2 protein chains.
Amino acid sequence: MAVTIREVARRAQVSVATVSRSLSSPGLVRQETRERVLAAAAELGYQPNRAARGLITGRTGNLGIVVPDLENPFFTGVLKAVQAQARHADYAVFVADSDEDPVAEVKLLQTMAKQVDGVVLCAPGLTDQQVHEAAEGTPLVLLNRSLPGIPAALMNSADGMRQIVDHLVALGHRRCAYLNGPHTSWSNQERLRGLRPAARRRGLDLVELGPFAPRYEGGLQAADLALAEDVTAIIAYNDIMALGVLARLRDRGVRVPEDVSVTGFDDLTFAALCSPALTTVAMPVAPAGRVAVDLLLDWLAADGGEAPHVTLDTQLIVRGTTAPPSSG
Amino acid sequence: MAVTIREVARRAQVSVATVSRSLSSPGLVRQETRERVLAAAAELGYQPNRAARGLITGRTGNLGIVVPDLENPFFTGVLKAVQAQARHADYAVFVADSDEDPVAEVKLLQTMAKQVDGVVLCAPGLTDQQVHEAAEGTPLVLLNRSLPGIPAALMNSADGMRQIVDHLVALGHRRCAYLNGPHTSWSNQERLRGLRPAARRRGLDLVELGPFAPRYEGGLQAADLALAEDVTAIIAYNDIMALGVLARLRDRGVRVPEDVSVTGFDDLTFAALCSPALTTVAMPVAPAGRVAVDLLLDWLAADGGEAPHVTLDTQLIVRGTTAPPSSG
DNA sequence: AGAAAAACCGTAAACGTTTTCGGGGCTGAG
DNA sequence: CTCAGCCCCGAAAACGTTTACGGTTTTTCT
């Protein structure tokens, strides 16, 4: 059925070993024969069987990525970049969606383990313990999560929060609300790690509410609570929640940004398209995806030494939902 | 390193053949020894090497999916379902993003061919000829594209358009604009295939504009042209364009739905969240993904006979952007 | 020219499975 | 008691590669 290395060898009048060498380690074969082999391979449309190759080399040529939700634009942004970068290095990528279920996550990791050389893991739900155990089975690189001994691609969301605070304070805000996402999530803790000191340093009065579900409905719920706190600005955990907040405020007749300012986090596509357009902070999802596979590949090659953690900058995007507070 | 079948055999005091049989074809081994083998396998945490298995069985246990853009929620919706359904059947899935580049698409298909048992293909950009050639190399199932001899999972977008027309006519609209997407795309042709006869049958005056880029910017551009045509309703090719239209109309002071009604297509998450919420038609992306892998698996098993095409229903979702035309 | 070194290439083993083939033990019938 | 038949199970071949090893040719040096 499929064309094998033996047929190429026969057509090029050489042994299978020579064919293999011609393709994977040039230097070892005479230029002239190599060309003959390449020609034969091309004519037959030969593609090496990666499974067979992997069997002997111990490397599969595959990467895996597991994400909590494939419909979340944040993760698909990462996925897109991972896929592109992997292809660039001649790796194929397996994708697995855990549906935010921690037990599915470990299961997926286990079954993936044998089929890939490494996996980039986006698993907010796993405990540190579980992640470490998983790292025993397969080379891992974490995305937006920091654990000693495991490489990670991080986004500096703490600094994103710092930028939001600076922005709001510069506009003249003195008291604002933060709508927490899930307490256990690393992302939310990072946000707080940037938010609290920045607020203190700038003398911004900070009211922490929640936690809320990081969804549209969470925003609807949170908006009323925030209004009751008499703040002039609302910092949402992410864009989706911010959209919920905007919707609820509009329903209640509160004008944005005149009466209250609102910020999001993530810079989803729709943050730019809604009206007024949402002030938010852009996450370097594509760079993070690229860095993740670079880290993984380096980690596979030079297996020894420290596990590198690289942090990527976030960027505040000022749009229409923030303005100076009304002087009333 | 990894635990192999040989170690399980040694621990269970049997031959490797017996281990293999115990796992993949029970019936052939005595109940008692089978249990011993299963116990040994469990203790060692044995997972069969799928590459080795695939080498001999000729089946990889992998599925592939290629999409034009992983950041398009439509395709990630499909992907999510495909991934879930594949896992359910104990298949892993490779994903490839062609970035809307037809030549990348054929290249990806070729390299995927050897590694998977079949692929679900979302490739609006390929010619029929190219798709047929690709089908020679790998079992294929098409998504939202119909070609004789190749199984397909289709969404009845023609009927979605029919539903839109019925809805608008019932509201009292007599003249409306359709904003074309890319002329060559199968989706746009399907939309027209539903739209034109429905409009004719209902006596709706139809102004066709475009083609436009199926993006936000395309909507901005199209809105002005539509307004100049003196219509009371605008039917956009998809939700993204519709959002562009809404934004442009608002900028120009045209009220929706009082002055003009607008409809989208796809029912993206954000269609429900913008304000006013968008009237649109929901595509059965998840069912389509599931059906696609079912078709693929059936096609692999019973290789012979007709290539089934299954068509899934679409559903009009009436929200806030459609209303009776102002009597003026 | 002769020998040592280098360059090139073929043979065969190995990777972890599945599966065919055949052998041994047991059962039951003649 | 013998033999056919059946049930289990082990030995070994096969899948398509890569690579260690060794052999043959070519080059290089004296």
Side-chain angles (χ1 to χ4, degrees), chain A residues 1-41 44-62 90-92 111 113-117 137, chain B residues 1-41 44-62 90 92 111-117 137:
Chain A
M1 186 69 212
V3 31
T4 143
I5 200 177
R6 237 171 289 272
E7 313 177 27
V8 178
R10 201 153 46 80
R11 185 184 247 271
Q13 313 259 44
V14 296
S15 73
V16 293
T18 303
V19 175
S20 175
R21 278 190 279 254
S22 301
L23 297 177
S24 37
S25 34
L28 295 184
V29 61
R30 191 164 31 145
Q31 178 67 15
E32 173 192 331
T33 37
R34 173 155 190 267
E35 282 166 6
R36 210 167 64 233
V37 169
L38 258 40
L44 295 175
Y46 169 71
Q47 298 260 121
N49 181 323
R50 301 184 78 153
R53 169 183 297 178
L55 203 50
I56 178 147
T57 61
R59 310 201 19 231
T60 62
N62 298 329
D90 207 38
Y91 276 78
T111 57
K114 310 287 166 182
Q115 304 200 64
V116 300
D117 296 334
Chain B
M1 186 68 213
V3 31
T4 143
I5 200 176
R6 236 171 292 272
E7 312 177 29
V8 179
R10 201 153 46 80
R11 185 184 249 269
Q13 314 260 44
V14 296
S15 73
V16 293
T18 303
V19 175
S20 176
R21 278 190 279 253
S22 300
L23 296 177
S24 35
S25 33
L28 295 183
V29 61
R30 192 163 31 142
Q31 180 65 14
E32 172 193 333
T33 39
R34 172 154 190 266
E35 281 166 7
R36 210 166 64 231
V37 169
L38 258 39
L44 295 175
Y46 169 70
Q47 298 259 121
N49 182 323
R50 302 183 76 150
R53 170 182 297 179
L55 202 50
I56 178 144
T57 60
R59 310 201 18 231
T60 62
N62 298 329
D90 207 39
T111 58
M112 237 183 204
K114 310 286 164 184
Q115 304 201 65
V116 301
D117 295 334

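Residue numbering restarts at 1 for every chain, and letters A, B, ... go by the order of the sequence lines. Just so you know, these numbers come straight off a predicted model, no measurement behind them.
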Review item, nucleotides 16-21 of chain D N/O atoms under 3.5 Å of protein N/O:
unit_1, atom_1, unit_2, atom_2, d
D:dG16, N2, A:Ala52, O, 3.4
D:dT17, OP1, A:Tyr46, OH, 3.1
D:dT17, OP1, A:Asn49, N, 3.2
D:dT17, OP2, A:Thr4, OG1, 3.4
D:dT17, OP2, A:Ile5, N, 2.6
D:dT17, O5', A:Tyr46, OH, 3.0
D:dT18, OP1, A:Arg53, NE, 2.9
D:dT18, OP1, A:Arg53, NH2, 3.2
D:dT18, OP2, A:Ser20, OG, 2.5
D:dT18, O5', A:Ser20, OG, 3.4

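- Scanning all heavy atoms of the two residues, the minimum distance from B:Leu55 to A:Leu55 falls at CD2-CD2, 3.5 Å.
- Within a 6.0 Å sphere centred on CZ of B:Arg10, heavy atoms belonging to other residues, nucleotides or ligands number 12 at most.
- Using a 4.5 Å cut-off on side-chain heavy atoms (C-beta onward), B:Leu38 and B:Arg34 make contact.
- Between the P atom of C:dC15 and the CZ atom of A:Arg59 lies a distance of 18 Å, rounded to the nearest Å.
- Summarising the geometry, the separation between CZ on A:Arg36 and P on C:dC8 is reported as 14 Å, rounded to the nearest angstrom.
- A heavy-atom distance below 4.5 Å is not found between the side chains of B:Gln115 and B:Thr60.
- When the P atom of D:dC7 is taken as reference, atom CD of B:Gln31 falls 16 Å away, rounded to whole Å.
- Between the CZ atom of B:Arg30 and the P atom of C:dG24 there is a distance of 17 Å, rounded to whole Å.
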Side-chain polar contacts of residues 23-31 of chain A - donor-acceptor pairs under 3.5 angstrom, sequence neighbours left out - could you list them?
unit_1, atom_1, unit_2, atom_2, d
A:Ser24, OG, A:Ser20, O, 2.7
A:Gln31, NE2, A:Glu35, OE2, 3.0

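- The interatomic distance linking A:Gln115 (CD) with C:dT17 (P) rounds to 12 Å, in whole Å.
- The distance from atom CD of B:Glu32 to atom P of D:dC8 is 11 Å, rounded to the nearest whole Å.
- Residues B:Ala12 and B:Arg36 share a closest heavy-atom pair of O-NE, 2.9 Å.
- Whole-Å rounding puts the A:Arg10 CZ to C:dG10 C1' distance at 17 Å.
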